[in-house]
Student: 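Can you read through this structure? Questions will come right after.
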Amino acid sequence: MKFRVFVVAALLLMAAPAFAQKVYIDYDKDYDFDSTETFTWAKTSETSVEDANPLMHSRIVNAIEHYLTMGQLREVESDPDLFVTYHTSTKENLSLNTTSFGYGYPGGWYGGYYGGYGYGGMGMGSTSTTVSTYETGTLVVDAWDPKTEKLVWRGTATNMTVADNPDKMMKRIDKALSKIVKKWQSLKAKQAKAEAKAAGS
């Protein structure tokens with residue numbers, strides 16, 4: 001019985017059309033981010049959407065620039081404090097959708113498992129399962145130190161369901177960038193608190 005319940009739970013998880021967006025931040029804790037004032041875009045055509053969809057590329061760049069300027073950074077053409085770029089990737093996921101028709105009486109798996117009615121259930125009905133696919137995307141925003149050519153900051157958003165509608169897709173991208181910014185601010189606050197505590201001890 002427990003194995004059957006496990007199978008049902010697994011199928012329900014697989015049938016979910018999408019998972020919630022998740023964001024991750026990784027950064028060089030020794031890097032002085034407070035001294036950075038300028039940035040320049042670095043071209044990465046092999047992992048951006050510039051060639052496949054120039055309009056979407058422009059929207060993504062504008063959205064990232066918006067949050068960079070909110071963080072008091074300004075774009076320059078040369079000699080920046082940071083190089084900034086983004087990467088995208090997608091993967092195809094399987095979705096199982098099961099629909100039951102008809103009626104039945106308690107018993108079987110559920111009656112037996114929950115201490116119910118002793119024997120299997122009775123009734124008439126049918127179950128139909130359809131298999132479909134959907135795409136989820138990952139957006140990565142990187143910041144490099146031009147002098148050392150080392151990655152000093154990375155923000156990653158995963159599990160973004162890919163939409164054909166550009167407006168819907170941009171709302172999901174903007175939501176992901178907003179989450180990345182909030183998480184970065186939280187991490188900076190925690191680091192500053194830890195440094196202040198260490199200095200006072």
Side-chain angles (χ1 to χ4, degrees), residues 18-93 134-196 198:
F19 298 98
Q21 283 184 3
K22 295 182 180 179
V23 299
Y24 307 92
I25 299 288
D26 194 10
Y27 66 100
D28 183 350
K29 293 179 176 60
D30 295 324
Y31 187 80
D32 184 13
F33 288 97
D34 292 332
S35 66
T36 58
E37 297 179 353
T38 61
F39 72 95
T40 294
W41 277 100
K43 186 178 176 63
T44 54
S45 58
E46 70 278 4
T47 54
S48 76
V49 299
E50 183 175 9
D51 293 336
N53 192 333
L55 290 176
M56 183 59 68
H57 167 74
S58 296
R59 292 186 183 106
I60 294 173
V61 168
N62 290 338
I64 295 173
E65 286 180 344
H66 167 73
Y67 286 104
L68 289 173
T69 54
M70 281 181 61
Q72 306 303 311
L73 292 177
R74 57 186 175 86
E75 186 175 4
V76 294
E77 294 184 359
S78 62
D79 196 25
D81 296 322
L82 292 172
F83 280 133
V84 177
T85 189
Y86 80 91
H87 316 272
T88 59
S89 64
T90 58
K91 69 175 182 178
E92 197 171 75
N93 301 272
Y134 64 96
E135 284 189 323
T136 54
T138 297
L139 175 66
V140 179
V141 182
D142 285 341
W144 299 76
D145 184 332
K147 298 180 179 64
T148 63
E149 296 184 351
K150 290 184 178 180
L151 183 69
V152 295
W153 189 92
R154 168 167 286 180
T156 305
T158 65
N159 294 337
M160 295 191 299
T161 305
V162 176
D164 293 331
N165 185 306
D167 291 335
K168 286 185 178 180
M169 196 66 237
M170 274 313 303
K171 285 181 180 179
R172 291 168 187 174
I173 290 172
D174 190 70
K175 181 179 179 181
L177 292 173
S178 177
K179 286 183 177 180
I180 288 175
V181 169
K182 288 178 180 178
K183 187 155 190 174
W184 173 233
Q185 292 172 340
S186 176
L187 287 173
K188 284 179 65 178
K190 287 180 181 178
Q191 185 179 7
K193 186 176 181 180
E195 291 174 352

Student: With side-chain contact (heavy atoms from CB on, under 4.5 Å) as the test, would you mind laying out the steps for L177 and H66 before giving the verdict?
Tutor: CA-CA 10 Å; L177 292 173; H66 167 73; over 6 Å; no
Student: Could you measure the distance from the CD1 atom of I180 to the OH atom of Y24? Nearest 0.5 Å is fine.
Tutor: 11.5 Å
Student: Search all heavy atoms of D34 against all heavy atoms of K188 and return the closest pair with its distance.
Tutor: OD1-NZ, 4.3 Å
Student: Show, in sequence, the C-alpha distance, side-chain angles and deciding distance for W144 and T40, and conclude whether the side-chain contact (heavy atoms from CB on, under 4.5 Å) test is met.
Tutor: CA-CA 10 Å; W144 299 76; T40 294; over 6 Å; no
Student: Quick one: does T69's side chain have a donor or acceptor within less than 3.5 Å of a partner on E65's backbone?
Tutor: yes
Student: Between Q21 (side chain only) and A157 (backbone N and O only), is there a donor and an acceptor less than 3.5 Å apart?
Tutor: no
Student: Between V152 and Y31, which heavy-atom pair has the shortest distance, and what is it?
Tutor: CG1-CD1, 3.7 Å
Student: Of all the heavy-atom pairs spanning W41 and E75, show the shortest one and how long it is.
Tutor: CD1-OE2, 3.3 Å
Student: With the side chain counted from C-beta on, respond yes when T156 and T138 share a heavy-atom pair under 4.5 Å apart, and no when they do not.
Tutor: yes
Student: State the CG-CE distance between N165 and M170, to the nearest 0.5 angstrom.
Tutor: 12.0 Å
Student: Give a yes or no on whether the backbone of E37 and the side-chain of D81 come within a donor-acceptor separation of less than 3.5 Å.
Tutor: yes
Student: Could you tell me the separation between the CZ atom of R59 and the CG atom of D167, rounded to the nearest 0.5 Å?
Tutor: 7.0 Å
Student: Look only at the side chain of T38 and the backbone of R74, and say whether a donor-acceptor pair between them is shorter than 3.5 Å.
Tutor: no
Student: Provide the closest heavy-atom pair for L151 versus A143 in the form atom of the first, atom of the second, distance.
Tutor: CD1-O, 3.4 Å
Student: Nearest 0.5 angstrom please: M160 CE to L139 CG, how far?
Tutor: 4.5 Å
Student: If you measure from CZ on F33 to CD on Q191, what distance do you get to the nearest 0.5 Å?
Tutor: 8.5 Å
Student: Nearest 0.5 Å, please: how far is CD1 in I60 from OH in Y86?
Tutor: 4.5 Å
Student: Could you pull out the closest heavy-atom pair between F83 and A42, with the gap in Å?
Tutor: CB-CB, 4.4 Å
Student: Look at the side chain of N62 and the backbone N and O of S58, then say whether any donor-acceptor pair between them is shorter than 3.5 Å.
Tutor: yes
Student: Ignoring hydrogens and geometry, is there a side-chain-to-backbone donor-acceptor pair from T36 to D32 under 3.5 Å?
Tutor: no
Student: Is K183 reaching over with its side chain to a backbone N or O of V23, donor-acceptor style, under 3.5 angstrom?
Tutor: yes
Student: Assess whether side-chain contact (heavy atoms from CB on, under 4.5 Å) is satisfied between W184 and Y67, documenting all intermediate values.
Tutor: CA-CA 12 Å; W184 173 233; Y67 286 104; over 6 Å; no
Student: Can you check whether W153 reaches V141 side chain to side chain, under 4.5 Å on heavy atoms?
Tutor: yes
Student: Shortest non-hydrogen contact from V162 to M169?
Tutor: CA-SD, 3.8 Å
